[in-house]
Amino acid sequence: MSKKHVVVIGSGFAGLSAATHLAINPNCSVTLLEKNDTPGGRARKFEHQGFVFDMGPSWYWMPDVFEDYFAHFGKKPADYYDLIRLDPSYAVIYGANDTLDIPADLDQFKAMLDRIEPGAGANLDKFLAQAKYKYEVGIHDLVNKPSRSLLEFASPKLVVDMVRMDIFQSMSKHVRKFFSHDKIIRLMEFPVLFLGETAENIPALYSLMNYADIALGTWYPKKGMHEIIKGMVSLAEEKGVKIRYSAEVEEIEIVQGQARNIRLKSGEKIDADIVVAGADYHHVDKHLLNPKYSNYTEAYWDKRVMAPSSLLFYLGINKRLKNLRHHNLFFDEPLGPHADAIYKNPRWPEKPLFYASVPSITDPTVAPEGMENLFLLIPLAPDLEDSEEMREKYFHLIMDRLEKISGQEIRSHVIFKRSYAHSDFKSDYHAFKGNAYGLANTLLQTAILKPGLKNKKVSNLYYTGQLTVPGPGVPPSLISGHVVAKEVMKENNL
Ligand SMILES: Cc1cc2nc3c(=O)[nH]c(=O)nc-3n(C[C@H](O)[C@H](O)[C@H](O)COP(=O)(O)OP(=O)(O)OC[C@H]3O[C@@H](n4cnc5c(N)ncnc54)[C@H](O)[C@@H]3O)c2cc1C
């Protein structure tokens, strides 16, 4: 059999994963095209005078998913980066002098809960037993399904599993069955925010995220999250993937119902036998294809619940910071009005919650000696008008709180500052509505209800990444690449 030339678009986690899984098939040759001049997509990094900033993800959860990924190629994460388990895993800040350091040790975690709500430690055991089951079935079975037909879910065991996994109950109700103190509820509801919606609208299946958080731990790759991307690029190249940077795709030309010519912005055309698009799904569907080949209408896309966008600040601080941890969740304002500003009545929130990461507390290589690397994130509704004035206003709004609560002057010590928001997500990644984390994992956007991983009209065009199955986040994106690669091989007898 002559080799099939697979063109993968986008060097995010999903594109790299798909490309590498396909490259080890002897019947494939793989070219990966990336519009930017560096790999990683949302997980790129940049450096400035000794500060090394991860541009997107900072939480390393579900270490088993990364192990599985590298094991598929006879490798392990330690071949590429060194992991540290963070302890405390993170800090939750409810107000001035009201911080919870979340211990990595389970017994200490339970003791902490008992101090807040007597009996909550024992309830955590019950809560986690269910969450563990969901994690095992969810991460080792459900997420690996291409979700192209209901028949994939039609085994009696799986039907029983689905009932046990609380698909139809909300996470918010589920948490309240076990805990009643507001602090614990907020702590337990926090992990599903990664899935792009609030606990009211996320199925209780996703308490599996609590298992990931509490039982499997929060980890950090030394030198930063981008080290994962470096490892994946090195592995992809070792397996023969030809990666081309600054190679923006402008059109996927369809010839006799097949994606054949990939036209780059430079005008160059690349022949393809099979195309796997790991760029934002909406961009591929609506901007790279002749409209008659789009999988979905603009009205369909408009009705999707997108995960939030974000306003980010990358800051270089010329002193060490106190009273902060590697990960800090500022829950010093109620979530309700902020969630309303993201999902129901999109607007800039009046009193946003925010997240501050100081990786230099763990890792001296990401800031010059005696200095600190500070990353701030405010989740925002997608598609908001994003101006320099707004960014500045929100910088001061959260700095006021950060300085007051952590009890120190920070602004006058900022020696480097870069902001990043909707317009950057759009121009850097062609992100639909400037989204940061793709499509929310609501019940109506789960499994076969997500944008499908194959084009319905073009038989050799597939999609991968955080807008299709299984969903947003680094581990799901890695899995998405594997799932699509398996479909490509199966359908093309490779
Ligand atoms: C600020 C932020 C914080 C996050 N925090 C976490 C976290 O802590 N933990 C976690 O697990 N997840 C986190 N996430 C989510 C996670 O980063 C994403 O889900 C994941 O990186 C998405 O990978 P992807 O491959 O689907 O998409 P992307 O990373 O966006 O990759 C798509 C690639 O396609 C390229 N591309 C687009 N158009 C074209 C074109 N026309 N031609 C060629 N190339 C093109 C883009 O440049 C990009 O490189 C975070 C995301 C953001 C933005």
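All ligand and atom numbering here is 1-based and tracks the order in the structure. Residue numbers run from 1 in the order of the sequence given.
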Counting non-hydrogen protein atoms only, what is the nearest one to [atom]? Give residue, atom name and distance.
atom: atom 29 (O) of ligand 1; answer: Arg42 N, 2.9 Å
atom: atom 21 (O) of ligand 1; answer: Phe13 CD1, 3.5 Å
atom: atom 47 (O) of ligand 1; answer: Glu34 OE2, 2.7 Å
atom: atom 31 (O) of ligand 1; answer: Gly12 CA, 3.4 Å
atom: atom 34 (O) of ligand 1; answer: Gly10 CA, 3.2 Å
atom: atom 23 (O) of ligand 1; answer: Ser477 OG, 3.6 Å

Taking the non-hydrogen atoms of Phe425, is any one of them nearer than 4.0 angstrom to ligand 1?
yes
Does Gly40 have a heavy atom less than 4.0 Å from any atom of ligand 1?
yes
Would you mind finding which of Gln466, His283, Lys35 brings a heavy atom closest to atom 41 (N) of ligand 1?
His283
On a heavy-atom basis, I'd like to know which of Gly473, Ser480, Gly438, Pro57 is closest to atom 5 (N) of ligand 1.
Pro57
Numbering as shown, the atoms of ligand 1 that approach Trp59 to under 4.0 Å (heavy-atom distance):
7 (C), 8 (O), 9 (N)
Output side-chain donor-acceptor pairs under 3.5 Å for residues 374-383, partner residues at least two apart or in another chain, one line each.
none

Of the side chain and backbone of Leu33, name the one, both, or neither that has a heavy atom under 4.0 Å from an atom of ligand 1.
backbone
For Lys417, check side-chain contact (heavy atoms from CB on, under 4.5 Å) against everything at least two apart and list the hits.
Phe313, Leu315, Glu392, Phe395, Val414
